[in-house]
Amino acid sequence: MPELPEVETVKRGLRGLVVGKTIKSVSFDWPGSKPGEYLCYCGGSDSGHIVAFSRLGMRDTSRLDKPQSDSAQNSPVNTQHHQAYSKSFPNAQTDVETFLIDSSIKLVRRRGKALIIELDSNYSLVIHLKMTGQLVYRAEGVAFGAGHPTESLVGELPDKSTRVTFTFTDEANLFFNDQRKFGWVRLLPSIEVDNLDFFKKLGPEPLSADFAAKDFCERIKRRNKSKIKAVLLDQTVIAGIGNIYADESLWAAKIHPETLAGKISDQKLNSLYKELVAVLRLAIEKGGSTDKNYVTAEGKKGSYLTFAKVFRREGESCSRCGSIIEKTRVASRGTHTCPSCQKKVTS
DNA sequence: CACTTGACCTGTCCGC
DNA sequence: TGCGGACAGGTCAAGT
């Protein structure tokens, strides 16, 4: 799914399209299901205010995050929302009606692989696309879509993968599509966004100005007994890295993905940091990694995968040494390596 | 505790 | 063409 560069692309595209717009209505219909089945609210001391969610959310509300900060508990907004409904599901509808409908979008931002849409109601929509999520904006003469590459990015919407549709007062639509239903959209008080477990545990942004090579090395080394690929994929270590950019940066730094983090020299770790930042920046510049059906705000297709050196290039020649790129499994994920450039360090 | 594995879903592709 | 199984750019809970 969308990793950091793809979510960044979504953010940049939506910023110019939806900021200032007012939400007129929202629908959660899931074809073949009762709408209410996917509208979940976990009330009381829990704060998972879910607009749309996979059945995962209905099955196990303990996965929803609890509000922690006193300021959140005592804030007017929080008091208001606790007054707005109780534990029962129909009140989630009240929340949607009170804090989503007729609210305007103030800003769109990204943290890790999650997207945050702040509303002028002091509530926010937090969206995670997981493996197959996508956001598609459609208005008269304007089309923008980014995320998992499928026909839904360019086809007629809503379709069978559409989970949520936001309609603005000017009749433009924003579709949240997700084939595999892993993704989620939550509506919750803005002040509680940072209290979601996902954000509390999330590591630093690799592209932020105050994140340096020494921070990178120090955080990686804390996981010295893990395979480096697993460490890169761990969102609590560094935010936003997924399978593509883990493989690409390890190839660029000539590190075998199964190398234990503690066995990698400082020089190699510095190289990995440099290559990771470079590959993320390149991908953002190219508009994300999707290689088909992907459309940016200007209607261009994303092109990153055409520049990928190893990802989904098994059987092809390594551009550096000519060896045949291999595909294996590391950390339970498909993994692409050059057997000559990336030697396993065993001692 | 640190670390790894399986489950969550749907769709597609590949071998028989 | 049909069927079974593996697999897909992520994350969390449960397992070792």
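Because the structure is predicted, anything quoted here is derived from the model rather than measured. Per chain, numbering begins at 1; letters A, B, ... match sequence-line order.
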- Taking the side chain of A:Lys160 as heavy atoms from C-beta outward, which of B:dC9, B:dG11, C:dA8 is closest to it? B:dG11

- Message: For A:Glu275, give me all partners under side chain to side chain contact (heavy atoms under 4.5 Å, CB included), at least two apart in sequence or on another chain.
- Response: A:Ala252, A:Ala253, A:Ser271

- Item | A:Trp251 six-ring face occupied by A:Arg320 cation (under 6.0 Å, within 45°) | yes

- Query: If you check every side-chain atom of A:Asn224, which of B:dT4, B:dT10, B:dC3 has the closest atom?
  - Reply: B:dC3

- Task: Over all heavy atoms of both residues, which pair between A:Val237 and A:Arg219 is shortest? Give the atoms and the distance, please.
- Result: O-NE, 2.6 Å

- Message: Measuring to OP1 and OP2 of B:dC9, would you say a side-chain N or O of A:Gln179 lies under 4.0 angstrom away?
- Response: no

- Query: Closer to the 5' end of DNA chain C via nearest nucleotide, is it A:Lys201 or A:Thr335?
  - Reply: A:Thr335

- Interatomic distance, A:Trp184 CH2 vs C:dC12 C1' [rounded to whole Å]: 12 Å

- Step-by-step side chain to side chain donor-acceptor pair (under 3.5 Å) determination, A:Asn122 to A:Ser190: CA-CA 5 Å; A:Asn122 288 328; A:Ser190 298; 5.5 Å; no

- Message: Can you measure A:Asp234 atom CG to B:dC1 atom P for me and round it to whole angstrom units?
- Response: 16 Å

- Message: Please give me the minimum heavy-atom distance between A:Ile264 and A:Thr259, naming the atom from each residue.
- Response: CG1-CG2, 3.7 Å

- Please determine if a side-chain N or O atom of A:Arg222 lies less than 4.0 Å away from the OP1 or OP2 oxygen of B:dC1. no

- Do the side-chain N or O atoms of A:Lys327 get closer than 4.0 angstrom to the phosphate oxygens (OP1, OP2) of C:dA8? yes

- How far, in whole Å, is B:dT5 from C:dC7 if one measures between their P atoms? 14 Å

- Query: If the P atom of C:dA13 is compared with that of B:dC9, how far apart are they to the nearest Å?
  - Reply: 15 Å

- Query: Relative to each other, are the rings of A:Trp184 and A:Phe198 parallel, tilted or perpendicular (30° and 60° limits)?
  - Reply: perpendicular

- Message: My understanding is that only one of A:Lys327, A:Arg333, A:Lys229, A:Arg312 makes a salt bridge (Lys or Arg N to Asp or Glu O under 4.0 Å) with A:Asp247; could you say which?
- Response: A:Lys229

- Starting at atom CZ of A:Arg180, determine the distance to atom C1' of B:dA7, rounded to an integer number of angstrom. 11 Å

- Message: Is any side-chain heavy atom of A:Asp170 closer than 4.5 Å to one of A:Lys21?
- Response: yes

- Task: Specify the closest pair of heavy atoms between A:Gly147 and A:Leu129, including all atoms of both residues, with the distance to one decimal.
- Result: CA-CD1, 4.4 Å

- What stem regions, each of at least 3 consecutive Watson-Crick or G-U pairs below 3.5 Å, can be found for DNA chain B? B:2-8 with C:10-16, B:10-16 with C:2-8

- To the nearest Å, give me how far apart CG (A:Asp197) and C1' (C:dA13) are. 12 Å

- Query: For the base of B:dA2, is there a side-chain donor-acceptor partner from A:Arg223 under 3.5 Å away?
  - Reply: no

- Message: Of the listed nucleotides (B:dT5, B:dC8, C:dT11), which one gets closest to any side-chain atom of A:His128?
- Response: C:dT11

- Between C1' of C:dG10 and CD of A:Glu6, the distance in whole Å: 13 Å

- A:Pro257 and A:Thr335 have their tightest heavy-atom pair at CG-CG2, 3.5 Å

- Message: Nearest whole Å is fine: how far is B:dG11 C1' from A:Gln134 CD?
- Response: 13 Å

- Message: If you only use heavy atoms from C-beta on, which nucleotide in B:dG11, C:dG10, C:dC7 is closest to the side chain of A:Arg333?
- Response: C:dG10

- Task: Output the single nucleotide from B:dT4, B:dC9, C:dC12 whose closest atom is nearest the side chain of A:Phe198.
- Result: C:dC12

- Where does the angle between the aromatic ring planes of A:Phe211 and A:Phe216 fall among parallel (under 30°), tilted (30 to 60°) and perpendicular (over 60°)? perpendicular

- Task: Provide, to the nearest angstrom, the distance between the CG atom belonging to A:Asp178 and the C1' atom belonging to B:dC8.
- Result: 11 Å

- Item | Separation of atom NZ in A:Lys181 from atom C1' in C:dG10, rounded to whole Å | 18 Å

- In terms of side-chain heavy atoms of A:Lys113, which of C:dG10, C:dA8, B:dC3 is nearest? C:dG10

Between the protein and nucleotides 4-6 of chain C, which nitrogen or oxygen pairs come in under 3.5 angstrom?
none

- Check whether any side-chain N or O of A:Ser226 sits under 4.0 Å from OP1 or OP2 of B:dA2, and answer yes or no. no

- Would one find a side-chain N or O of A:Lys225 under 4.0 angstrom from OP1 or OP2 of B:dC3? no

